[in-house]
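Not measured: the values here are computed from a predicted model.
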Amino acid sequence: MNINLNRLSRFVAVYRHKSFSRAASELGMTHSALTKSVQLLEQELGAELFNRTTRSVVPTDAGNRLAQRAEELLALADQIGDEVLTGSRHLRLIAGPAVIEASLAPALAAFYKSHPNIRVTAETLPLDIAAARLRQREADLILFHSTTVSAIPEKRLFQISRIIDEAYVAVMRQDHPALHRDFSIDEMLRYKWAIPGYGKIYRSAIPTDIEEKYRNAGFPHYRVLSLVSCLALVADSDMITLLPASFAHRDARALGLTVVPMHPSYAARYDVSAITLKNGGADPVLDALKNAFATQAGIG
């Protein structure tokens, strides 16, 4: 069976708007031309895609089934066309903001050395949107903190593997008074902290009694999503921050800051999983990109 991609794209517009008029306006087509296009697609498929009345356009069961795969097919067609035109593979990566800041630069630098002709696009999006992009083949790989992955929609469709698991470390100025005292949990909570993120997921990975001490102490003083911003705060104040070990040893020490190991029970770990489509098959290039992230964190 041959499916005309232009007609499929027009079907998606009608399905999204639940209206031929709005879809026609978006596509710059006449209502009659769009209607004819969808009718021809129905003839190709041998199935009615919409129940039409004077007031509504309601997808049929066949229309709903087609919609689940249509955007995936269109995205795949765009990717193939792009690769044919440019002559190079294009990998699309979506990651959480901490992964982007802590791990992206060294991983891409390593990947570039072994695969200089592969194009890469990297961006950060919420996990549910990233999963939808991956499911529709608008992304090839997503990287998120492992504790968030349990909430991924339709998890059965994905292959999930842990690629980074490292400690968080404390970072502070070299003249910070905490360096001259016992760095127990009670002692460290005497100081002000700037923490990247520190949402429900981070807190859920901390033992209950420790997390209760954090809350009672008003920890953290600043909750800032950016690792780089936390570093800047630490460099110019008496605050302390927690950062993934590989990032801290690379970036914090470059600023002349001191890195201090934390007791394992004091903080969650920087634990990142790679997510790909389960039916994607073996892909050595994609595996090389995942390995670049794992290796830069000292795991690969």
Side-chain angles (χ1 to χ4, degrees), residues 1-86 89-96 119 121-142 144 148-160 275-281 283 286:
M1 177 186 297
N2 294 320
I3 299 178
N4 184 290
L5 293 178
N6 286 331
R7 293 170 190 158
L8 187 62
S9 178
R10 293 162 190 163
F11 158 78
V12 169
V14 176
Y15 185 89
R16 187 186 307 119
H17 290 290
K18 300 298 186 289
S19 165
F20 276 82
S21 297
R22 288 198 295 272
S25 176
E26 177 186 275
L27 296 169
M29 300 177 65
T30 64
H31 187 288
S32 60
L34 179 57
T35 299
K36 180 63 174 178
S37 181
V38 172
Q39 288 173 341
L40 290 172
L41 179 61
E42 290 175 324
Q43 291 174 20
E44 289 176 347
L45 296 171
E48 190 175 15
L49 300 175
F50 297 105
N51 290 319
R52 306 168 180 85
T53 70
T54 56
R55 294 186 177 181
S56 64
V57 175
V58 180
T60 63
D61 289 343
N64 284 322
R65 287 192 294 270
L66 178 61
Q68 292 176 4
R69 303 303 300 273
E71 294 196 28
E72 175 183 328
L73 289 171
L74 292 169
L76 182 59
D78 285 343
Q79 179 182 357
I80 292 172
D82 187 40
E83 291 175 2
V84 168
L85 181 64
T86 63
R89 177 88 180 270
H90 184 188
L91 293 182
R92 296 153 304 174
L93 164 70
I94 302 175
R119 298 166 58 218
T121 297
E123 59 182 324
T124 184
L125 290 169
L127 178 59
D128 57 340
I129 297 176
R133 293 274 187 93
L134 182 60
R135 190 171 59 251
Q136 295 162 6
R137 296 185 183 274
E138 295 176 354
D140 301 289
L141 171 67
I142 58 180
F144 277 84
T148 68
V149 171
S150 60
I152 192 172
E154 299 185 89
K155 190 162 66 170
R156 59 183 173 77
L157 300 176
F158 304 112
Q159 182 71 42
I160 302 170
I275 307 168
T276 55
L277 281 176
K278 186 171 286 185
N279 61 356
D283 189 333
L286 196 56

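Across all non-hydrogen atoms, the minimal contact from L134 to L277 is O-CD1, 3.5 Å. L27 and A13 get closest at one heavy-atom pair: CD1-CB, 3.8 Å. Between K18 and Y15, the closest heavy-atom pair is NZ-O, 2.6 Å. Across all their heavy atoms, L34 and A24 have their closest contact at CD2-N, 3.5 Å. Annotation for S56 and V58: closest pair OG-CG2, 3.9 Å, computed over non-hydrogen atoms. The minimum heavy-atom distance between H31 and S21, with the atom names listed, is CD2-OG, 3.4 Å.
We find that R133 and D140 are not joined by a salt bridge, their nearest charged nitrogen and carboxylate oxygen being 4.0 Å or further apart. One finds no salt bridge joining R92 and E123 here, because no Lys/Arg side-chain nitrogen approaches an Asp/Glu carboxylate oxygen to under 4.0 Å. A salt bridge between R52 and E42 is present, with a side-chain N of the basic residue lying under 4.0 Å from a carboxylate O of the acidic one.
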Q | Worked verdict on T276 versus F158 for side chain to side chain contact (heavy atoms under 4.5 Å, CB included) | A | CA-CA 6 Å; T276 55; F158 304 112; over 6 Å; no
Q. So L286 and L91, side chain to side chain contact (heavy atoms under 4.5 Å, CB included) or not? Walk me through it.
A. CA-CA 8 Å; L286 196 56; L91 293 182; 4.1 Å; yes
**Q.** Test side chain to side chain contact (heavy atoms under 4.5 Å, CB included) applied to E26 and R16, step by step
**A.** CA-CA 11 Å; E26 177 186 275; R16 187 186 307 119; 3.5 Å; yes
Q: Determine, step by step, whether T60 and F50 satisfy the side chain to side chain contact (heavy atoms under 4.5 Å, CB included) criterion, reporting the C-alpha distance in whole Å, the side-chain angles of both residues, the deciding distance to 0.1 Å, and the verdict.
A: CA-CA 5 Å; T60 63; F50 297 105; 5.5 Å; no
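Not a single side-chain hydrogen bond (donor to acceptor under 3.5 Å, both in side chains) links T124 to another residue, sequence neighbours left out. The ring pair (Phe, Tyr, Trp, His ring centres under 6.0 Å) test applied to F144 returns no partner, not counting sequence neighbours.
Between the NZ atom of K36 and the CZ atom of R10 there is a distance of 12.5 Å, given to the nearest 0.5 Å. The CZ atom of F11 sits 8.5 Å away from the CG atom of L45 when rounded to the nearest 0.5 Å. Summarising the geometry, atom CD belonging to E138 is positioned 11.5 Å from atom CD1 belonging to I129; distances are rounded to the nearest 0.5 Å. For the atom pair I142 CD1 and L127 CG, the distance stands at 5.5 Å (nearest 0.5 Å). Distance check, rounded to the nearest 0.5 Å: CE of M29 to OG of S37 gives 5.5 Å.
For the pair R119 and R89, the minimum side-chain heavy-atom distance is 4.5 Å or more. A heavy-atom distance below 4.5 Å is not found between the side chains of N4 and L41. A 4.5 Å side-chain heavy-atom check between T121 and L93 finds every atom pair outside the cut-off. Between I160 and K155, some side-chain heavy-atom pair lies under the 4.5 Å cut-off. Counting heavy atoms from C-beta on, the side chains of N64 and P59 come closer than 4.5 Å.
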